[in-house]
Amino acid sequence: MTEPKRDQLVRPKGTIDVLAPESDRWRMAHRIFEDLAERFGYGLVLTPMFEHTEVFARGVGQDTEVVEKQMYTFVDRGDRSVTLRPEATASVVRALIQSGISGRFKGAYWGPMFRYERPQKGRMRQFYQGGVEYLGSESPEADVEVIEFGYRFLEELRVPGVEVHLNSIGDPTDRAAYRAEITAFLRAHESDLSRDARKRIDTNPMRVLDSKADTEVVKAAPVPIDHLGAAAKEHFETVKAGLEVLNIPYVVDDKLVRGLDYYNRTVWEYIATQFDAAHSAVGGGGRYDGLFEILGGTPTPAVGLAMGIDRILLASDIPLDVPSLDVFVVVVDESLRSEARLLVSELRSGGIRVDMSDVQRSVKAQFKEADRRRSISAVVVGDEWNQDNVTIRDLATGEQSLIGPKEIAQWLKNR
RNA sequence: GUGGCCGUAGCUCAGUCAGGUAGAGCACCGGGUUGUGGUCCCGGGGGUCGCGGGUUCGAACCCCGUCGGCCACCCCA
């Protein structure tokens, strides 16, 4: 990180700037995400980056960490309380309700999310998520498809050592009975619990299960998966069977509960095992059949996920040294500069990645730049131009030949 | 929000313990090779040592504050 000079302006705490070539990886991640979303049949959903605070307060849950202390909330000039979105699911559901769409709907989104917290690697105040929502279906096949989506995304971005941690937290009716049990258990062990855990006994007892400070105590605690109703139980079994059909490995983690209130039944996280716990969760999702109602819509079953792009790129093995140009045009004779410019323009129109120097420089310097820019080839415009030829050099092998300018595209295809 | 470590050139860092007005490698630019990169050699540009204040004849170095980064907790993406 570069430090600011005197009056220099710097970015806000917990935000990042991403420049090339590092941003090449972001571009690639975005392309893979969009491509995957299209292959899976998810249409693009655009929603505002801020909402009326109420959308998240109600949607995410009043007693969640996110709403209690992480929201970027402010009052705008019209005296409305608005909040920078800490996640997108509540927004997408709000949008669906507002546009009056009902029935099956598959949508994908990509963009920045905001949570006010102490930054650390893989945990920023503005971070990026790509996610999909599968709305209007209570079928376990929808759960399986969404889980597969995230798994393939991580596969295509070459994230090693991914584990799918899977659990079911049941339906609200199952949870009422369960809540009484977990509360009683926690009360009985109250003296051994961390302070934070004790505070949660009344507000959100289930979340004590994944508190790292309380792993010992919680080992013997009752877990939601043992308290599923018949319907939720069957749903979960079908989801597991569906994953097996697709050869998607998973581990059932009966302590996995997620931090947002709207989930029911299936919940899961993708864990990058190469990392410590702090930022090993690179994505996660769950079923949220109750959210439409919470936000004032008609009850609609739904399942969705969010992938943490920042963390995924930290874990990804996608290399940086892929070629970023097909051709770098080297101008030998300044009198041919305009011709070279036109050649660059035509090649670009033909879909080829091309660049050249914007000022006169030595041939050596231009070749150096071609190399530094990770170009596949260098095309020399010099004396040979008068015979309607250019010299094209393969920068990896050093081989070069004389070809006509129109043959460049073909040369690239053949190499 | 709590606790700890750290901030010197674009990057990675040395110099801080024993105060005397800044260094290396890499990167960048130019030349050696007046039309050929990735190797080599030579040269060059670039820093009021994160910022502010204090102590001192003198501060990158000592003290205080502040901003930022990293790590753990918390929680999650």
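Numbers restart at 1 for each chain; the letters A, B, ... are given by sequence-line order, proteins then strands.
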Chemist: Looking at the side chain of A:Phe367, which of B:U36, B:A77, B:C29 is the nearest nucleotide?
Modeler: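 Closest nucleotide among those given: B:U36.
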Chemist: Is there a donor and acceptor pair, one atom on the side chain of A:Arg123 and one on the base of B:C74, closer than 3.5 Å?
Modeler: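 Indeed, a donor on one side and an acceptor on the other fall under 3.5 Å apart.
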Chemist: What is the distance from CZ of A:Arg372 to C1' of B:G37, rounded to the nearest Å?
Modeler: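 In whole Å, B:G37 C1' lies 11 Å from A:Arg372 CZ.
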Chemist: Could you work out the separation of B:C49 and B:G32 based on their C1' atoms and round it to a whole Å?
Modeler: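 Pairwise C1' distance, B:C49 against B:G32, rounds to 36 Å.
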Chemist: Can you tell me the Watson-Crick or wobble partner of B:C75, both distances under 3.5 angstrom?
Modeler: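 By the stated definition (distances under 3.5 Å), nothing pairs with B:C75.
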Chemist: Could you identify the nucleotide paired to B:U39, looking across every strand shown and requiring Watson-Crick or G-U wobble geometry with both distances under 3.5 Å?
Modeler: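 Answer to the pairing question: none, since B:U39 forms no Watson-Crick or G-U pair.
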Chemist: Tell me which nucleotide, if any, is Watson-Crick or G-U wobble paired with B:U33 when both distances must be under 3.5 Å.
Modeler: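 Across all strands, not a single nucleotide pairs with B:U33.
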Chemist: Just to confirm, is there a sub-4.0 Å distance from OP1 or OP2 of B:G37 to any side-chain nitrogen or oxygen of A:Arg374?
Modeler: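 Negative; the distance criterion is not met.
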Chemist: Output every pair passing side chain to side chain donor-acceptor pair (under 3.5 Å) with a member in residues 34-45 of chain A, not counting sequence neighbours, ordered by first then second residue.
Modeler: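 Sorted pair list: A:His30-A:Glu34, A:Asp35-A:Arg39, A:Arg39-A:Glu156, A:Tyr42-A:Glu145.
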Chemist: Please determine if a side-chain N or O atom of A:Lys13 lies less than 4.0 Å away from the OP1 or OP2 oxygen of B:G68.
Modeler: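 The answer is yes; a side-chain N or O of A:Lys13 sits under 4.0 Å from OP1 or OP2.
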Chemist: Choose from B:C76, B:C29, B:G37 the nucleotide whose nearest atom is closest to any side-chain atom of A:Asp371.
Modeler: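 Looking only at heavy atoms from C-beta outward on A:Asp371, the closest nucleotide is B:G37.
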Chemist: Report yes if a donor N or O on one partner sits less than 3.5 Å from an acceptor N or O on the other, where the partners are the side chain of A:Arg311 and the base of B:C76; otherwise report no.
Modeler: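 A donor-acceptor contact between them is present.
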Chemist: Any strand counts, and the cut-off is 3.5 Å on both contacts for Watson-Crick or G-U wobble. Which nucleotide pairs with B:U48?
Modeler: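 Partner of B:U48: none found under 3.5 Å.
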Chemist: When you compare B:U8 with B:G25, how far apart are their C1' atoms, in angstrom units rounded to a whole number?
Modeler: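 One C1' to the other, the span is 15 Å.
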Chemist: Under 4.0 Å between a Lys/Arg side-chain N and an Asp/Glu carboxylate O for A:Arg85 and A:Glu51?
Modeler: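 So A:Arg85 does not pair with A:Glu51 through a salt bridge.
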Chemist: Round to the nearest Å and state the distance from A:Ile312 atom CD1 to B:C76 atom C1'.
Modeler: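 My rounded result for the distance is 14 Å.
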Chemist: In whole angstrom, what separates A:Met71's CE from B:C76's C1'?
Modeler: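 Interatomic distance, CE of A:Met71 to C1' of B:C76: 16 Å.
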Chemist: For A:Gln70 and A:Arg115, does a side-chain donor sit closer than 3.5 Å to a side-chain acceptor?
Modeler: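 Per modelled atom types, A:Gln70 and A:Arg115 side chains form no pair under 3.5 Å.
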Chemist: Taking only side-chain nitrogens and oxygens of A:Arg118, does any of them come within less than 4.0 Å of OP1 or OP2 of B:G4?
Modeler: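 Answer no for this pair, as no side-chain N or O of A:Arg118 is under 4.0 Å from OP1 or OP2.
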Chemist: Could you tell me the Watson-Crick or G-U partner of B:A14, where both distances fall under 3.5 Å? Say none if there is no partner.
Modeler: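 Partner of B:A14: none.
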Chemist: To the closest 0.5 Å, what do you measure between OG1 (A:Thr89) and CZ (A:Phe56)?
Modeler: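 Rounded to the nearest 0.5 Å, the OG1-CZ separation comes out at 10.0 Å.
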Chemist: Can you tell me how far C1' of B:G69 sits from CZ of A:Arg125, to the nearest Å?
Modeler: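 Spelled out: CZ on A:Arg125 to C1' on B:G69 is 12 Å.
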Chemist: Salt bridge or not for A:Asp289 and A:Arg287, using N-O below 4.0 Å?
Modeler: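 A salt bridge is present here (some side-chain N lies under 4.0 Å from a carboxylate O).
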Chemist: Rounded to the nearest Å, what distance is computed from the CG atom of residue A:Asp333 to the P atom of nucleotide B:G35?
Modeler: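 Atom-to-atom, A:Asp333 to B:G35, this comes out as 10 Å.
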Chemist: Do the side chain of A:Gln400 and the base of B:U36 come within less than 3.5 angstrom through a donor-acceptor pair of N or O atoms?
Modeler: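 Indeed, a donor on one side and an acceptor on the other fall under 3.5 Å apart.
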Chemist: Under 3.5 Å, is there a donor-acceptor pair between the A:Thr391 and A:Glu384 side chains?
Modeler: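 A pair is found: one side chain offers a donor N or O, the other an acceptor, under 3.5 Å apart.
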Chemist: State which of B:C71, B:G30, B:G35 makes the closest approach to the side chain of A:Lys121.
Modeler: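 Closest nucleotide among those given: B:C71.
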Chemist: Which nucleotide sits closest to the side chain of A:Lys368: B:G32, B:G38, B:C75?
Modeler: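 Nearest listed nucleotide: B:G38.
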Chemist: Side chain of A:Val332 only, heavy atoms from C-beta on: which candidate in B:G35, B:A77, B:C75 is closest?
Modeler: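 So the side chain of A:Val332 is nearest to B:G35.
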Chemist: Partner of B:G68 by Watson-Crick or G-U wobble geometry, both contacts under 3.5 Å, or none?
Modeler: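 Across all strands, the one nucleotide that pairs with B:G68 is B:C6.
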Chemist: Return the CH2 to CG distance between A:Trp385 and A:Asp333, rounded to the nearest 0.5 Å.
Modeler: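 Going from the CH2 atom of A:Trp385 to the CG atom of A:Asp333 covers 12.0 Å.
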Chemist: Ignoring backbone atoms, establish whether A:Arg361 has a side-chain N or O less than 4.0 Å from OP1 or OP2 of B:C29.
Modeler: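 Checking A:Arg361 against B:C29: at least one side-chain N or O falls below 4.0 Å of OP1 or OP2.
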Chemist: Calculate the interatomic distance between A:Asn204 atom CG and B:C75 atom P; express it in whole Å.
Modeler: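 Taking CG of A:Asn204 and P of B:C75, I get 11 Å after rounding.
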Chemist: If stacking means aromatic ring centre less than 5.5 angstrom from the base's six-membered ring centre, planes under 30°, is A:Phe127 stacked on B:A77?
Modeler: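 The base of B:A77 is stacked with A:Phe127 (centres under 5.5 Å, planes under 30°).
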Chemist: Can you tell me if the side-chain N/O atoms of A:Gln120 get under 4.0 Å from OP1 or OP2 in B:A72?
Modeler: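 Yes, because at least one side-chain N or O of A:Gln120 sits under 4.0 Å from OP1 or OP2 of B:A72.
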Chemist: Which whole-number value in Å describes the distance from A:Met124 CE to B:G69 C1'?
Modeler: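 From A:Met124 CE to B:G69 C1': 9 Å.
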Chemist: When you measure from the side-chain N and O atoms of A:Ser362 to the phosphate of B:U34, is any distance below 4.0 Å, counting only OP1 and OP2?
Modeler: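 No, because none of the side-chain N or O atoms of A:Ser362 sits under 4.0 Å from OP1 or OP2 of B:U34.
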Chemist: Using a cut-off of less than 4.0 Å, is there contact between a side-chain N or O of A:Arg11 and OP1 or OP2 of B:G68?
Modeler: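 Negative; the distance criterion is not met.
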Chemist: Which nucleotide in the set B:G30, B:C29, B:U36 lies at the smallest distance from any side-chain heavy atom of A:Ala365?
Modeler: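 Per side-chain heavy atoms of A:Ala365, the pick is B:G30.
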Chemist: Separation of A:Asp17 atom CG from B:G69 atom C1', in whole Å?
Modeler: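 Result: 14 Å.
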